[in-house]
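Remarks on the structure that follows.
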Amino acid sequence: MKNLDSKNHVTGKSVYVDDIPVQTGTLSGVILGSPVAHGKILELDISKAESVNGVVQVYTFNDIPGKNQIGGIIEDEPLFAENEVHFIGQPIALIVATSEKIARNALKFIKVEIEELEIITDPREAKEKGHLLIPPRTFKIGNVKNSWSKCDYIFEGKVESGGQEHLYIETQGSYAYPIDNGSIKIHSSTQGATLVQKIVARILDLPMHKIEVDVARIGGGFGGKEDQATPYACMAGLASYLLQKPVKLILHRLDDMLMTGKRHPYSSDFKIGLSKDYKILAYQTCLYQNGGAASDLSPAIMERTLFHSTGAYFIPNTEVTVYSCKTNLPPNTAFRGFGAPQGMFVIESAIAKAACELNISKRLIQERNFLNEGDEFQYGQIAENVNISECYKTSIDKYQIDKIEKEIKDFNSKNTNYKKGMAIMPVCFGISFTKTPMNQARALVHIYQDGSVGISTGGVEMGQGINTKLIQVASKVFSISPKRIKIESTNTTRVANTSPTAASSGADLNGNALRIACNGLLERLKETAAQMLSCKLSQITIKDEVVFKDEVDSKIHWEQLIETAFLDRICLTENGHYVTPVIHFDKTKEKGHPFAYHVYGTAIITVTVDCIRGIYEFNDVKIVHDFGNSMNTAIDNGQVEGGVAQGIGWATIEEVAFSKEGKLLSNSLSTYKVPDIYSVPKNIEITPLKTNGPELALLRSKAIGEPPFMYGIGAYFAITEAIRAFNPNYTLDYDAPLTPEKVLMRLYQK
Ligand code: MTE
Ligand code: LUZ
Ligand code: MOS
């Protein structure tokens, strides 16, 4: 089935928050952010701004009726700064005016005097000075200490990976207005409607039932709207509640880039030990996560780094520690991969270092250490249905790696100013929220009297195609045309207590809840049909909108069946509730079975580096990916292509830069470069691995949202191979993103 949104997206008809027709008298909000990264607020005077013509009100923390607290996992983040500021752009006040222009112009009339305090932007410095967001955590298996003496080779190194701007096309925003009975309705561009509802209720000191949150779709989230859509909904909600007027707050792109958190930069140390035959015997790593000024989702992201720190490999003796460091940057947050890419970059760097020192191909070490069936992860889960080696073998055969390697060698021997490089990136990614209780979902299904169907779930459509997949589920269970089915907006009054659409689990969780609801309805409809045909329920099937009795066409059509059921007073509404079975995790032991299943795959990335300029072009990305039994190959391939492009961007050209004063230097699209049509790989080939798919995936179709992102890591190592071919003096280092400037320096390193 085609993505049902594609036509409306392309023709501009899809409605986002800023497209919702507004009520007359709608006001606009603009945020005053802190001009300094750390300081004490000595004076805050809003009176002049409040007297500007058109300004209706200026709000600060003083105006919050409930708790000035938006922290999700840990309550350590105020909505508006009180006595201190901790990052540039931290909201201090909200100006509400009759137009956005008036509000923006009034910003300069707010007087803030701040005494500057020490600014820390480096996670290692933060750790040294004792500024941690939460205590460190360590995962281990085997005994690393005792293993070093058994290793024939030991290598150590340092790894840096940078941040990443989400750059969703729709910036953060919300539109709030009062409705009946002192309630507020909020349209928010969020991945987590319930989280918005809960925190707005906390800010306003209202019960959650007074806050209705509605999400039709969002123009991309990539994790950036899992938690960080909330403050903007809170601000619009606050103003709208206090003024009893509709209020809209849409971030300007520059404010969005400045104020919101990004992917966490990490700084890491590793030590890796191998046997003579290149088996990795021991691996120890310590990662310093740059959390920013508040914890946000950092504790959960730290956890996923710990889970994925050994990548697609089995290492019998492993010890990994992560420190979540508090710095004076905007609180960093969820971003596709959620800490896993950072951990995987370190293990790939360690393997690259070993290969370089041993003067062998990196893939020789990779292929000897792939995870196997029955291996134990450092978190206690036993690996099942492992097929990383199968993906790799398939890619060797299908893409002829030997030939690619030979062609690159030939090319490099014939060309002096251009060099090619290749890398293989294996991926193993666990599916489920690592916090077990979040793995639940509900769906509400109405069959209307005319046989059409309306579906509500907690799933948020953000371009990943969940709505199309949901229609496929209902269409399949009922055996009716997709045309009869509509996906309603995601709304907290229809489906409550939802997890954010995240962790690549949106389709699995909401789709399974929907499947359960539809099956419940189907049973009732079959009962009606059995009565109509005076037979047993077990004799009834519905195929292509027609009722069959004992496989024979009964001539009873779907519409007639629904009408009869309704007249029989059968309930044509059902609620489905799904919880992922099997999973559990014990934090006191750091062991358990946190994931429903894992997604596997390999990518071969080839690059050509222009050795005069330092620029590069990705020629091919050749992937073998384990989709399970993909329920929508167009959507899933799109997710792979998008993920790969975004991953390559993180590893190569996207450079988030802050000054030592905590000022965002890459603060616009002229200073922050994302992959475009010219810089994405010229050719992305995707081969699905032939498998049945796990039972815990929706219709055995594996989760797809995040895993392909990590194929992009291979881009880094492909480039370093090309640099090595040009400059034998280049000593391999690990400092992503590997921008053209950095490449140039390394090409001519002495
Ligand atoms: N694809 C598009 N087009 N837009 C997005 O914002 N987010 C990614 C991924 N693919 C995203 C996307 C992230 S971070 C996740 S977790 C998943 O989609 C979420 O959706 P799912 O759980 O339904 O796969
Ligand atoms: N969000 C979350 C996530 O809250 N928990 C997770 O485990 C997760 N994993 C990936 C992306 N977002
Ligand atoms: Mo995705 S980082 O789980 O929103």
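Ligands are counted one by one from 1 in listed order, and the atoms in each one are counted from 1 as well.
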**Report entry** R202 and E75: CA distance, side-chain angles, deciding distance, salt bridge (charged side-chain N to carboxylate O under 4.0 Å, His left out) verdict
**Finding:** CA-CA 12 Å; R202 188 200 280 169; E75 298 195 4; 3.3 Å; yes
Query raised in the report: Should E706 and R336 count as an ion pair when the cut-off is N to O under 4.0 Å?
Result: no
Query raised in the report: So does D5 pair up with K13, basic N to acidic O under 4.0 Å?
Result: no
Query raised in the report: Within the structure, does G337 bring an N/O atom to less than 3.5 angstrom of an N/O atom in ligand 3?
Result: no
Query raised in the report: Does F335, backbone or side chain, put an N or O under 3.5 Å from an N or O of ligand 3?
Result: no
Query - Part of A300 with heavy atoms under 4.0 Å of ligand 2, whether side chain, backbone, both or neither - result: neither
Nearest neighbour in protein (non-hydrogen) for [atom]:
atom	answer
atom 1 (Mo) of ligand 3	E706 OE2, 3.7 Å
atom 9 (N) of ligand 2	R304 NE, 2.8 Å
atom 5 (N) of ligand 2	F433 CD2, 3.3 Å
atom 12 (N) of ligand 2	F338 CD1, 3.2 Å
atom 4 (O) of ligand 3	Q191 NE2, 2.8 Å
atom 3 (O) of ligand 3	A503 N, 2.6 Å
atom 2 (S) of ligand 3	R336 N, 3.2 Å
atom 7 (O) of ligand 2	T434 N, 2.9 Å

Query raised in the report: Only one of F377, F433, F585 forms a ring-ring contact (aromatic ring centres under 6.0 Å, His included) with F307, so which one is it?
Result: F585
**Report entry** E226: numbered ligand 3 atoms lying under 4.0 Å from its heavy atoms
**Finding:** 3 (O), 4 (O)
Query raised in the report: Which atoms from ligand 3 have a heavy atom of G223 less than 4.0 Å away?
Result: 2 (S), 4 (O)
Nearest heavy-atom pair of [X] and [Y]: which atoms, and what distance?
X	Y	answer
T457	T490	O-CG2, 3.4 Å
P500	M438	CD-CE, 3.7 Å
Y597	A703	OH-N, 2.9 Å
T501	Q464	CG2-NE2, 3.7 Å

Query raised in the report: Are Q289 and Y266 linked by a side-chain donor-acceptor pair shorter than 3.5 Å?
Result: yes
Report task. For E706, take its heavy atoms, then give the atoms of ligand 2 lying under 4.0 Å from any of them. Result -> 10 (C), 11 (C)
**Report entry** Close-contact set for ligand 2 against E226 heavy atoms, below 4.0 Å
**Finding:** 1 (N), 2 (C), 3 (C), 4 (O), 12 (N)
Do [X] and [Y] have their ring centres less than 6.0 Å from each other?
X	Y	result
F595	H308	yes
Y175	Y16	no
F429	H598	no

Query raised in the report: Below 4.0 Å from any atom of ligand 2, is there a heavy atom belonging to M438?
Result: yes
Query raised in the report: Run the salt bridge (charged side-chain N to carboxylate O under 4.0 Å, His left out) check on E655 and K673 step by step: do they pass?
Result: CA-CA 7 Å; E655 189 170 34; K673 177 75 184 143; over 6 Å; no
**Report entry** Contact with ligand 3 for G221, non-hydrogen, under 4.0 angstrom
**Finding:** no
**Report entry** Beyond-backbone contact of S701 with D636, side-chain heavy atoms, under 4.5 angstrom
**Finding:** yes
Could you pull out the N/O contacts under 3.5 angstrom between ligand 1 and the surrounding protein atoms?
| unit_1 | atom_1 | unit_2 | atom_2 | d |
| --- | --- | --- | --- | --- |
| ligand 1 | 1 (N) | Q639 | NE2 | 3.1 |
| ligand 1 | 3 (N) | G463 | O | 3.3 |
| ligand 1 | 4 (N) | M462 | O | 2.9 |
| ligand 1 | 6 (O) | G221 | N | 2.7 |
| ligand 1 | 6 (O) | F222 | N | 2.9 |
| ligand 1 | 10 (N) | R336 | NH2 | 3.3 |
| ligand 1 | 10 (N) | Q639 | OE1 | 2.7 |
| ligand 1 | 20 (O) | Q464 | NE2 | 3.1 |
| ligand 1 | 22 (O) | S505 | N | 3.2 |
| ligand 1 | 22 (O) | G506 | N | 2.7 |
| ligand 1 | 23 (O) | Q464 | NE2 | 3.0 |

